[in-house]
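One structure is given below, encoded as structure tokens.
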2 protein chains.
Amino acid sequence: MGRWQPGSRERLEAAALALFSERGYDSTTVAEIAARAGLNERTFYRYFTDKREVLFDGGHFLEGFLTRSVAESPASAGPLDAIIAALEQAATEVFADRLAIARQRQTVIDANPELQERERSKMASIATALARTLRERGVGDPAASLAAETGLTVFRISFALWVAHENTRSLTELIKETMTDLRTITAGP
Amino acid sequence: MGRWQPGSRERLEAAALALFSERGYDSTTVAEIAARAGLNERTFYRYFTDKREVLFDGGHFLEGFLTRSVAESPASAGPLDAIIAALEQAATEVFADRLAIARQRQTVIDANPELQERERSKMASIATALARTLRERGVGDPAASLAAETGLTVFRISFALWVAHENTRSLTELIKETMTDLRTITAGP
DNA sequence: TACAGTGATGTCATAACCTGACATCATCGG
DNA sequence: CCGATGATGTCAGGTTATGACATCACTGTA
């Protein structure tokens, strides 16, 4: 073993989530997070652009997963259907096994407006990426943006229901239901 | 004349927009904004919770305008229709005369991720408020959230088209069109 | 007029966030 | 064994943001 343990990034993420859960986001300093990870404050900022970002690293993976999924969807599918299908795939392949951590994370985020802001931002970034993917598949504008944003809205609402403490249903199930609600609401008179 | 000129808040907002336009958001310090407004840095923070907020004060007014409008909408209207009607009313009564300032503001925001983040956050806050208003009018959940979030998505996309440099069409017109696109996209197979 | 109360602003000190510049040290290929 | 590379540490410093307290103009009232 040398000077550095491998997995600095993961250690920082774990340390941050633990500390944020224990004593809250505001009361935790970056120096403390780094110290618990056996690292220096300066090093923290080499991995994450700011203090919030340490909670949102997974977003990059999700974005890649979803864009790949949308890119591979059958050409016959409508844009919103392609988005929803990708989200359902993520629901089973990415999220299904991670309810406990998702809840812990969400508890931290729900307690802090700055973090909610960043979460929205991440969702928006994913929506932008998915809209681009749709455009590359020939979907026009603003249909592409609209489908991507709307799909993410459905996901966000479903996700909130999923992590709610009373809930026992699966994320996929909740996405399907929310999607049905959306169709009801948008159906013209 | 006494020690203070009236309208400190407005002066701070104007100074901030001007400085952000001139030399960018990052390169402008809070002390500079305050100085141009003839005030102290500490005083800036008495009016705005943080540096970004100085650009988003109008959001409070918009939120009030929209919730009032939705609260007064005819009971027969569907939830999404009520939201869209309120947004169209804001389009004519609030935004129509302010295209120039809206564009200047948007240029500043588009140049800085932190500001985009805050803008999203403001939209989300408005959506939350509108969802609450819908619930008070008997709309269930998640239909209320869904209608509010979807309506704001339509608005956001329409607004972006409106402030785009090439555009010559009215915001109301663009909202109607985007709404038509949404109905097309969500229409089942 | 005098003067106490109130509220807006200023001053000061300081913690935490974030960054640039440079130093240190382990690893790896030769 | 050595030099290149890359991850980490050290240090200095600017900016954001906040608490505590002081100052000054305006108000009402005796």
Side-chain angles (χ1 to χ4, degrees), chain A residues 1-57 108-109 111-119 121-122, chain B residues 1-57 108-109 111-119 121-122:
Chain A
M1 268 303 108
R3 182 185 186 182
W4 325 298
Q5 306 292 327
S8 297
R9 175 177 228 105
E10 290 71 21
R11 265 171 17 244
L12 285 167
E13 288 171 359
L17 182 57
L19 285 168
F20 293 166
S21 291
E22 285 171 23
R23 63 176 97 155
Y25 175 81
D26 279 332
S27 313
T28 304
T29 99
V30 172
E32 288 168 337
I33 298 168
R36 179 179 291 210
L39 291 166
N40 190 278
E41 173 176 353
R42 189 67 186 84
T43 301
F44 178 97
Y45 286 106
R46 292 207 173 87
Y47 285 98
F48 306 102
T49 61
D50 59 42
K51 184 181 170 187
R52 301 176 231 172
E53 198 64 12
V54 70
L55 271 181
F56 296 93
D57 199 41
V108 171
I109 293 172
N112 192 288
E114 286 184 55
L115 295 175
Q116 294 161 37
E117 200 166 74
R118 180 57 53 87
E119 178 158 73
S121 181
K122 287 292 168 186
Chain B
M1 270 299 109
R3 180 185 187 183
W4 324 298
Q5 306 290 328
S8 297
R9 174 178 228 102
E10 291 71 20
R11 267 176 9 249
L12 286 167
E13 288 172 358
L17 182 57
L19 285 168
F20 293 165
S21 291
E22 285 170 23
R23 64 177 95 157
Y25 175 81
D26 279 333
S27 313
T28 304
T29 86
V30 172
E32 288 169 337
I33 298 169
R36 179 178 293 210
L39 291 166
N40 189 278
E41 175 176 350
R42 190 67 186 84
T43 301
F44 178 96
Y45 286 106
R46 293 207 173 87
Y47 285 98
F48 306 103
T49 61
D50 59 41
K51 183 181 169 187
R52 301 174 230 171
E53 197 65 13
V54 70
L55 272 180
F56 296 93
D57 199 41
V108 171
I109 293 172
N112 191 288
E114 286 183 54
L115 296 175
Q116 295 161 34
E117 200 166 73
R118 179 58 52 87
E119 179 159 72
S121 180
K122 287 291 169 187

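All of these numbers come straight from a predicted model, not from anything done at the bench.
Protein atom CD of E114(B) is 15 Å distant from nucleotide atom P of dC17(C), rounded to whole Å. Rounded to a whole Å, the NZ atom of K51(B) is 17 Å from the C1' atom of dT18(D). In this entry the distance linking CG of L12(B) with P of dA17(D) reads 14 Å, nearest Å. Atom CG of L39(A) is separated from atom P of dT10(D) by 11 Å (rounded to the nearest Å). Separating the CD atom of E53(B) from the P atom of dA17(D) is a distance of 11 Å, rounded to the nearest angstrom. As rounded to whole Å, 14 Å separates atom P of dT18(D) from atom CZ of F48(B). Atom CD of E41(A) is separated from atom P of dA15(C) by 14 Å (rounded to the nearest Å).
Picking from dA21(C), dA20(D), dA17(D) the nucleotide with the shortest atom distance to the side chain of R42(A) gives dA21(C). Here the side chain of D50(B) is nearest to one of dC21(D), dT8(D), dA17(D), namely dA17(D). Comparing dG10(C), dT8(D), dT16(D) by their closest approach to the side chain of N40(B) singles out dG10(C).
If you check residues 20-33 of chain A against DNA chain D, you find no residue with a heavy atom closer than 4.0 Å.
Side-chain atoms of E119(A) do not come within 3.5 Å of backbone N or O of I109(A) as any donor-acceptor pair. A donor-acceptor distance shorter than 3.5 angstrom exists from the side chain of S21(B) to the backbone of L17(B), with no hydrogens or angles considered. Side-chain atoms of K51(A) do not come within 3.5 Å of backbone N or O of Y45(A) as any donor-acceptor pair.
Within the 4.5 Å cutoff, side-chain heavy atoms of F20(A) are placed close to those of I33(A). Looking only at side-chain heavy atoms (C-beta outward), S8(B) and T43(B) stay at 4.5 Å or farther from each other.
Judged by distance alone, with hydrogens and angles left aside, R46(B) brings a side-chain donor or acceptor within reach of the base of dG10(C), the pair sitting under 3.5 Å.
Taking only side-chain nitrogens and oxygens, Y47(B) never comes nearer than 4.0 Å to OP1 or OP2 of dA8(C). Contact annotation: Y45(B) side-chain N/O to dT18(D) OP1/OP2 distance is not under 4.0 Å. Within the structure, a side-chain polar atom (N or O) of S8(A) is placed less than 4.0 Å from OP1 or OP2 of dT8(D).
For the pair R9(A) and F44(A), the cation does not sit on the ring face, since its NZ or CZ is not both under 6.0 Å from the ring centre and inside 45° of the axis.
Rounding to the nearest 0.5 Å gives a distance of 10.0 Å between CZ of R118(B) and CG of L55(B).
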